[in-house]
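Values in this document were obtained by computation on a predicted structure and should not be read as measured data. Sequence lines set the chain letters: A, B, ... in the order given, protein chains first and strands last, and positions in each chain run from 1.
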Number of protein chains: 2
Amino acid sequence: MRKITIGDAARQSGVKVPTIRYYESIGLLAAPSRSEGNQRSYEPADIRRLAFIRHARELGFEVGSIRTLLALQDDPDQSCASADAIAKARLIEVEQRIRSLMALKAELEIMVEGCGHGRVDQCRVIEVLADHGQCMHPHH
Amino acid sequence: MRKITIGDAARQSGVKVPTIRYYESIGLLAAPSRSEGNQRSYEPADIRRLAFIRHARELGFEVGSIRTLLALQDDPDQSCASADAIAKARLIEVEQRIRSLMALKAELEIMVEGCGHGRVDQCRVIEVLADHGQCMHPHH
DNA sequence: CTTGCACCTCTAGTCGCTAGAGCATGTAGG
DNA sequence: CCTACATGCTCTAGCGACTAGAGGTGCAAG
C-alpha cells in the first residue's frame, strides 16, 4: 500500500508511464523517491498532481501555463488573478478555434455535398481546393 | 516574366519560402528547374499547386492526405471516391473537434465565472483543475 | 529457479514547419 | 565597374509534447 509504482500511478492518474517520466524530465513533476532497486515510488500527492496536469492538458493548456497553475496551487495564499488570466486567455483561444472550425466545417460540407461521385475533373472537392476563389467562407 | 523566383512563388501562393523548400524536400512539390546560378525557377503550374496545398493545409488536411488529393488532381480521369472519402473523414474530425471544444468552452466558462478574484484557495479555476469530479461536462 | 511482466536509461523519431549560420547570386544606384 | 544589399543557396538544429524502441534490471508467482 505504501509504495505506488509508476504503473499504478499511471493507472490512477490516467497519465501514461512514459509521459510521467517525461513530465519528470521537464520538471513538471518532482522526481519521486526510489526503491532499493531504483524504481520510482510515488505518494498520493503525486497522483493528484498528475491528475491536475492531465485535466489541464485535456483542456488544452500548454505545459508553460500548467507550470504557472501548479505554482499557484502550491501557494494558496496568492491572488488567483494569474490563474484567472490564464483561463480567460485559453477561453478566448477556444472560442476563436471554434469559430474557425465552424467556417471550415461549412466549407467541407460544400465540398462533400458537391461531389458528384463521378470523375475527378467534375469533383467539387478537388475544385474548391484548387481555386480558393470558390470558397465562400472568408475564414482565412 | 519567364522566371518565377522562390520569393515570387511565396508571394503569389501565400506559402513561405522555407516552407516551399520544405515541401520540395518531402516530395510534395517537384523540384523545379534551376537558373544558371542554381536558383529555383518555378512555372505557373507550381504556383497553382502551392496554392492548392496551402488551402488544403488551412482546411486542416495533413500532408499524407494532401499527397493523395494531389495525385487525384494529376489524374482527372480517376473516380473522385477517394477525394470524397478524405474530405468526409476530415469533416467528421472537424465536427468531433467542434463538439469537444464546445464542452471545453463550457468548462472554462464555469471556471472563469467561478473565480472570485480572491485567493487561490477559493479559486474555482484551480479547484476544477485539481478535481475533475467537479467538471460537469463529460467530454473526456 | 525460471518465467515473464514491469521497470530502468538512453536515443531517436513523430509532424509541420521555423530559425540560424555561413555562403553565393542577382540587382539597383553611383 | 564597383559597391551595397536583398535574396537566394545548403545544412543543421530546434520547437512542443510526447511516443517508440533497444537493451538491460527488478520482482513476484508458480
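- Of the side-chain N and O atoms in A:Arg57, one or more sit less than 4.0 angstrom from OP1 or OP2 of D:dC18.
- Residue A:Leu29 contributes atom CG, which lies 13 Å from atom P of D:dC18 at whole-angstrom precision.
- Closest approach of B:Pro32 to B:Glu24, counting heavy atoms only: CD-OE1, 3.4 Å.
- An end-to-end axis angle of 10° holds for the helix from C:dC1-D:dG30 to C:dG30-D:dC1, taken from five base pairs per end and rounded to 10°.
- Looking at heavy atoms from C-beta onward, B:Ile4 lies in side-chain contact with B:Pro44 at the 4.5 angstrom threshold.
- Protein atom CZ of B:Arg21 is 11 Å distant from nucleotide atom C1' of D:dC11, rounded to whole Å.
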Exercise. Can you check side chain to side chain contact (heavy atoms under 4.5 Å, CB included) on B:Leu50 and B:Tyr23, steps first, answer last?
Worked result: CA-CA 9 Å; B:Leu50 278 171; B:Tyr23 286 159; 4.1 Å; yes
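- Rounded to whole Å, atom C1' of C:dG26 lies 11 Å from atom NZ of B:Lys3.
- A salt bridge links A:Glu109 to A:Lys105: at least one charged side-chain nitrogen sits closer than 4.0 Å to a carboxylate oxygen.
- Contacts with DNA chain C (heavy atom under 4.0 Å) in residues 87-96 of chain A: none are found.
- Side-chain contact check for A:Phe52 versus B:Ile126: some heavy-atom pair is nearer than 4.5 Å.
- Computed from coordinates, the B:Leu28 CG to C:dC15 C1' distance equals 13 Å when rounded to whole Å.
- Contact record, A:Val112 with A:Val125: N-CG2, 4.5 Å, taken as the closest heavy-atom pair.
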Can you tabulate the close N/O pairs, meaning under 3.5 Å, that link protein atoms to atoms of nucleotides 2-6 of chain D?
none

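- Taking 4.0 angstrom as the limit, B:Thr5 places none of its side-chain polar atoms (N or O) nearer than this to OP1 or OP2 of D:dT7.
- Distances shorter than 4.0 Å separate some side-chain N or O of A:Tyr23 from OP1 or OP2 on D:dC18.
- In this structure, A:Arg40 reaches the sugar-phosphate backbone alone: every heavy-atom distance under 4.0 Å involves primed, P, OP1 or OP2 atoms, never a base.
- Regarding contacts with the backbone of D:dT10, a side-chain N or O of B:Arg34 is found under 4.0 angstrom from either OP1 or OP2.
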For this session: Can you check each nucleotide of nucleotides 19-30 of chain D against protein heavy atoms at under 4.0 Å and return B for base, S for sugar-phosphate only, - for none, in 5' to 3' order?
Result: S------SS---
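- Applying a 4.0 Å cut-off to non-hydrogen atoms, the residues of residues 62-73 of chain B that approach DNA chain C are B:Glu62, B:Val63, listed by residue number.
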Which donor-acceptor pairs under 3.5 Å do side chains of residues 59-75 of chain B form with protein atoms, sequence neighbours excluded?
| residue | atom | partner | partner atom | Å |
| --- | --- | --- | --- | --- |
| B:Arg67 | NH1 | B:Ile26 | O | 3.0 |
| B:Arg67 | NH2 | B:Ile26 | O | 3.2 |
| B:Thr68 | OG1 | B:Gly64 | O | 3.3 |
| B:Asp74 | OD1 | B:Arg49 | NH1 | 3.2 |
| B:Asp74 | OD2 | B:Arg49 | NH1 | 3.2 |

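- Side-chain contact check for A:Glu107 versus B:His55: some heavy-atom pair is nearer than 4.5 Å.
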